[in-house]
Amino acid sequence: MGDRERNKKRLLELLQAAGTGNAHCADCGAADPDWASYKLGVFICLNCCGVHRNFPDISKVKSVRLDFWDDSIVEFMTRNGNLRVKAKFEARVPAFYYIPQANDCLVLKEQWIRAKYERREFMADGEAISLPGNREGFLWKRGRNNSQFLRRRFVLLAREGLLKYYTKEEGKSPKAVISIKDLNATFQTEKIGHPHGLQITYRGDSHVRNLFVYHESGKEIVDWFNALRAARLQYLKMAFPELPESELVPFLTRNYLKQGFMEKTGPKDAFEQGQVFLGNNEQGYEVYGDLPKGIRGNRWKAGLTIVTPERRFVLTCPNEKEQQEWLESLRGVLSSPLTPLSRLSLPQCRQPCEKRGDMLSSSRKLLAQALASGAQRRISVFGKVQTEQVTPDSPLGETLVPFESDRYKHELS
């Protein structure tokens, strides 16, 4: 066996070696990495490899299967490996800092990799890492009634638990004062149309609203994201002092599991926009992959029915594939136990839930979105969307009664 094949065999054995962590990407956790940084001594996936190529002074990459590896480099990889290198470069990652996963957007992965290897922010011998605290700066925010982005000043007051933004650079009165208690932030690059696009969702004036923002600098927008997470952690520690930090971290921010359009039932008269809280199966919440007897879709036929103790919600999907994906997401939420933190998302009904008609309106489609964790367990009905995008600052009610409109954005969590 030649050196090339022998060393390739050794590398493939290293990938599966127990106790090394090499079977998953050292940076995002993707399974079966096919690349490696032979300067750092870690195995990485193709996506993270692309980031590593951007700073050759810090990292140099090779394909495990396609490139030639000499004996000395294979020995270096053997001495290091993912877990040993992570112990060095991730020795002190703050609890609030978001560690990207395989499905996360590029800007999160890029800034995580740069923070680790280029800026060396988390090494044990570095400076002590403190909470970000207050933060002030400018972000580009999408206008409420159009797609134009405008420069707005944002101020985060971590101790007070408030985020403010101003329409005038030197203005004294903020356009909005947002409580950290009811805030969520998640990167939505495709929806916003920018690789650094961040969606901030918050509850204000008894409705839930959305801000779509970005910054030209990837580091700046990710720093804002982690500053919001740090402020959320401070709030949750005060609100739930009996819970360990490790149980609070999953509730700092939530990512979407799924999003798409669905048709829904509803009467001709308009009701208030709202949210549907989802408990679990033991409390009488169910989801079925069909429509109730006597009900049929107008344009879309693949139906599902969500049953709550108060009423049922009938939806149709554009095809069976979408239907099955929604069923899987919904059943995952309904099968998970409720925690004290889940109660934070309980909607406050301001009126009794109304009975609904059994006709499906083809013009009333829902853009539904599913949140990944059980921190928020609700389906929320947003305002109208334009060209398949959600209107910024679109309001949501907090009752279980959806509002009738041409199109809606839904959020399942």
Side-chain angles (χ1 to χ4, degrees), residues 1-130 218-219 222-223 226 229 245-246 249-250:
M1 181 185 293
D3 289 348
R4 184 185 185 94
E5 290 302 316
R6 183 182 71 250
N7 284 338
K8 178 181 175 180
K9 182 174 182 293
R10 290 176 63 188
L11 288 169
L12 293 176
E13 290 172 350
L14 275 179
L15 281 172
Q16 302 303 322
T20 63
N22 295 339
H24 293 84
C25 174
D27 296 325
C28 74
D32 303 319
D34 262 347
W35 292 78
S37 169
Y38 63 91
K39 193 167 184 178
L40 294 170
V42 294
F43 292 90
I44 55 178
C45 69
L46 177 61
N47 288 331
C48 292
C49 169
V51 179
H52 280 252
R53 288 184 186 276
N54 291 330
F55 46 98
D57 292 342
I58 306 297
S59 179
K60 294 184 183 294
V61 297
K62 282 179 178 286
S63 169
V64 171
R65 300 175 186 274
L66 302 179
D67 289 327
F68 174 79
W69 293 73
D70 61 37
D71 293 345
S72 63
I73 299 179
V74 175
E75 289 297 331
F76 178 77
M77 297 298 298
T78 304
R79 292 195 305 270
N80 289 277
N82 287 7
L83 287 185
R84 288 179 181 174
V85 175
K86 284 163 70 74
K88 174 183 177 181
F89 287 98
E90 300 179 25
R92 296 188 307 161
V93 180
F96 63 83
Y97 197 99
Y98 184 83
I99 299 177
Q101 303 301 302
N103 293 330
D104 280 315
C105 62
L106 180 60
V107 68
L108 279 170
K109 295 178 183 178
E110 179 185 30
Q111 292 307 311
W112 166 239
I113 291 169
R114 288 188 176 276
K116 281 203 299 181
Y117 306 122
E118 189 176 51
R119 300 193 293 270
R120 301 194 169 200
E121 295 180 7
F122 313 125
M123 295 183 66
D125 56 357
E127 296 181 3
I129 301 173
S130 58
K219 182 179 184 302
V222 171
D223 284 350
N226 282 309
R229 287 174 56 86
E245 189 174 73
S246 59
V249 168

Exercise answer: donor-acceptor pairs, residues 14-26 side-chain atoms, under 3.5 Å, sequence neighbours excluded:
| from | atom 1 | to | atom 2 | distance (Å) |
| --- | --- | --- | --- | --- |
| Thr20 | OG1 | Ala17 | O | 2.8 |
| Thr20 | OG1 | Asn22 | N | 3.2 |
| Thr20 | OG1 | Asn22 | ND2 | 3.1 |
| Asn22 | OD1 | Asn82 | N | 2.9 |
| Asn22 | ND2 | Leu14 | O | 3.0 |

Work out which heavy atom in [X] is nearest to a heavy atom in [Y]; give both atom names and the distance.
{"X": "Phe43", "Y": "Ala36", "result": "CD2-CB, 3.9 Å"}
{"X": "Ser63", "Y": "Asp67", "result": "N-OD2, 2.7 Å"}
{"X": "Arg65", "Y": "Asp34", "result": "NE-OD1, 3.0 Å"}
{"X": "Trp69", "Y": "Met77", "result": "CZ3-CG, 3.8 Å"}
{"X": "Asn226", "Y": "Phe96", "result": "O-CD1, 3.5 Å"}
{"X": "Arg84", "Y": "Thr78", "result": "NH1-O, 4.0 Å"}

Distance-only side-chain donor-acceptor flag, Asn7 / Asp71, under 3.5 Å: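 The answer is yes; a qualifying pair exists.
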
If you measure from [atom1] on [X] to [atom2] on [Y], what distance do you get to the nearest 0.5 Å?
{"X": "Lys86", "Y": "Asn80", "atom1": "NZ", "atom2": "CG", "value": "14.0 Å"}
{"X": "Trp112", "Y": "Tyr117", "atom1": "CH2", "atom2": "OH", "value": "8.0 Å"}
{"X": "Asp125", "Y": "Arg120", "atom1": "CG", "atom2": "CZ", "value": "8.5 Å"}

Output side-chain donor-acceptor pairs under 3.5 Å for residues 45-58, partner residues at least two apart or in another chain, one line each.
| from | atom 1 | to | atom 2 | distance (Å) |
| --- | --- | --- | --- | --- |
| His52 | ND1 | Ser59 | OG | 2.8 |
| His52 | NE2 | Asp27 | OD2 | 2.7 |

Under a 4.5 Å cut-off applied to non-hydrogen side-chain atoms, are [X] and [Y] in contact?
{"X": "Arg229", "Y": "Val249", "result": "yes"}
{"X": "Arg92", "Y": "Tyr97", "result": "no"}
{"X": "Phe89", "Y": "Met123", "result": "yes"}

Asp104 vs Tyr98, side chain to side chain contact (heavy atoms under 4.5 Å, CB included): CA-CA, chis, key distance, verdict: CA-CA 11 Å; Asp104 280 315; Tyr98 184 83; 2.8 Å; yes

Ala102 backbone acceptor or donor facing Lys109 side chain under 3.5 Å: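 Here the side-chain-to-backbone pair exists.
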
Glu118 side-chain N/O to Lys116 backbone N/O, donor-acceptor pair under 3.5 Å: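 Side chain of Glu118 to backbone of Lys116: no pair is present.
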
Test: Glu13 and Lys9 ion pair at under 4.0 Å: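 Salt bridge between Glu13 and Lys9, a charged N being under 4.0 Å from a carboxylate O: yes.
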
Carboxylate-amine/guanidinium proximity below 4.0 Å for Arg114 and Glu121: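 Result for this pair is no, no salt bridge flagged.
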
